[in-house]
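What follows is a set of notes on a single structure, which appears directly below.
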Amino acid sequence: MTTETRSTSRLRHDPLVRGLGWASALLGVPQVVAPAGFARALGVHEAPRHRSATTAVGVRELAAATGLLGRPHPVWLWGRVGGDLMDLTMLARALKNHDGRGLGRTVAATAAVTAITATDVYAAVTRTRRSTPMELTAATTVTRSPDETYTLWKDLERLPDFMGHLDEVRVTGPRTSHWQASAPFGKTVEWDAEITQDVPGQLIAWRSVDGADIDNSGEARFVPAPGGQGTEIHVSLRYALPGGPLGKAAARYFGEEPHQQLDDDLRRFKQIAETGEVVRSDGAPGGKRARGEFPQHPARPLTEDELKEALA
């Protein structure tokens, strides 16, 4: 059985893929059969160009339904994403030029298509086997000796204290551990890792073992800072981002920028190394839990509950 055949068989029994296929069918039929009535339901005028656009969208939906239900492949999912973006563009234009009659229906349709777009992006990214190799590098300086800095990093079960998307690291042996992390779109990924190099006070390197949800590896180097002023930490991470280039772009759009994540992780590590804890601020009173606030928003006053927590 070829890789493509296995992928088709897997997607054919995927509840989300089949659900999106039936959703395309249910949306496509009325748009083709009664485009004027469908346009009215959206609060859009029945002008000939609107009926033509509605019919074209219906044909596209029926094509997607045929592909997803008949011979499912990630290309049909990405096709739905592209179609969603076109629909949002047309609805935005309709809202801009709206005369007010049926405006509520058009707003509701825009909100519904936005939610569908998020679902389609999630399905396309998570059902695409292709991956994009990523290599991230970052560095910071802490006012601790290389030995102290190495010892803190080597305590693997403390990594989630400063690594924003790590939920848990559990040491399972002298050189092995189990990792659990949050991934884009609310997913959780897990893997077992092994230490491949360990030079006290200088270097720690690790990699995932076979069967990992995401293949990854990395290393942290601890270099004396000039003039004996602490330690420079140089971190390199390599992993395969699911979904290929489109998955990478989608993850960034939804606030999951890998380079920024690594910079934030090292900033929190520096705080722990120098003060013993992640420093909280008015903009992120929850400390590491602020990752749930992505994408970041402008500074704002604390809510009553946040103020009570900060004072406590």
Side-chain angles (χ1 to χ4, degrees), residues 118 121-122 124-126 128 131-142 149 152-170 177-193 204-208 212-222 231-275 277-299:
V121 169
Y122 169 79
V125 170
T126 56
T128 301
S131 60
T132 298
M134 291 281 293
E135 182 164 358
L136 311 176
T137 59
T140 192
T141 301
V142 299
T149 308
L152 178 58
W153 194 287
K154 179 70 180 294
D155 188 359
L156 299 181
E157 294 188 348
R158 290 198 63 186
L159 292 181
D161 290 348
F162 61 88
M163 288 192 165
H165 283 69
L166 277 182
D167 296 326
E168 180 185 21
V169 177
R170 186 176 69 255
S177 53
H178 182 79
W179 301 51
Q180 179 176 311
S182 301
F185 313 112
K187 288 196 69 181
T188 298
V189 292
E190 299 186 41
W191 66 90
D192 290 313
I204 301 174
W206 63 92
R207 68 180 178 190
S208 60
D213 287 342
I214 296 180
D215 292 333
N216 65 91
S217 62
E219 66 178 33
R221 294 183 177 273
F222 309 96
T231 303
E232 294 181 357
I233 309 169
H234 298 267
V235 178
S236 299
L237 298 179
R238 293 166 291 278
Y239 62 93
L241 186 70
L246 288 174
K248 178 182 176 182
R252 183 181 295 113
Y253 179 81
F254 283 94
E256 305 287 346
E257 169 53 57
H259 293 87
Q260 184 61 52
Q261 290 172 15
L262 183 56
D263 287 340
D264 290 344
D265 289 344
L266 285 188
R267 174 177 52 78
R268 285 187 288 266
F269 177 80
K270 175 180 175 67
Q271 292 173 352
I272 289 176
E274 295 179 347
T275 70
E277 62 179 357
V278 174
V279 178
R280 300 185 179 195
S281 68
D282 288 350
K288 177 177 172 258
R289 288 189 290 106
R291 71 187 185 193
E293 299 170 6
F294 291 160
Q296 295 183 11
H297 54 71

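Residues: numbered from 1 along the sequence shown.
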Report task. Kindly write out the residues that satisfy salt bridge (Lys or Arg N to Asp or Glu O under 4.0 Å) with E219, not counting sequence neighbours, or none if the list is empty. Result -> R221

**Report entry** Over all atoms of both residues, closest heavy-atom pair of E157 and V169
**Finding:** CG-O, 3.1 Å

Report task. Considering non-hydrogen atoms only, spot the tightest contact between A139 and H234 and give its length. Result -> CB-ND1, 3.7 Å

Report summary line: Smallest heavy-atom separation, L159 atom then W153 atom, equals CD2-O, 3.9 Å

Requested in this report: Could you pull out all residues at least two apart from S217 that satisfy side chain to side chain donor-acceptor pair (under 3.5 Å)?
Outcome: R238

Query - Value rounded to 0.5 Å, distance of OH in Y239 from CD in E135 - result: 11.5 Å

**Report entry** Any residue meeting side chain to side chain donor-acceptor pair (under 3.5 Å) with H178, in chain and number order, not counting sequence neighbours
**Finding:** E190, D192

Query - Backbone of P160 reached by a side-chain donor or acceptor of D167 within 3.5 Å - result: no

Requested in this report: Mind checking side chain to side chain contact (heavy atoms under 4.5 Å, CB included) for T137 and listing every partner two or more places apart, or none if nothing turns up?
Outcome: S236

Query - CA sep, side-chain torsions, deciding dist, call: L136, Q261, side-chain contact (heavy atoms from CB on, under 4.5 Å) - result: CA-CA 10 Å; L136 311 176; Q261 290 172 15; over 6 Å; no

Query raised in the report: Could you state the interatomic distance from CZ (R267) to CG (D265), rounded to the nearest 0.5 Å?
Result: 9.0 Å

Query - Distance-minimising heavy-atom pair for E274 and V142 - result: OE2-CA, 3.4 Å

Report summary line: Contacts of S177 meeting side chain to side chain donor-acceptor pair (under 3.5 Å) (sequence neighbours excluded), chain-then-number -> W179

Report task. Report yes if the side chains of F222 and I233 come closer than 4.5 Å at any heavy-atom pair, otherwise no. Result -> yes

Query raised in the report: At what distance, to the nearest 0.5 angstrom, does CD of E232 lie from OG1 of T149?
Result: 11.0 Å

**Report entry** CG on D264 to NE2 on H165, rounded to 0.5 Å
**Finding:** 9.5 Å

Report summary line: Sequence neighbours excluded, the answer for side chain to side chain donor-acceptor pair (under 3.5 Å) partners of N216 is none

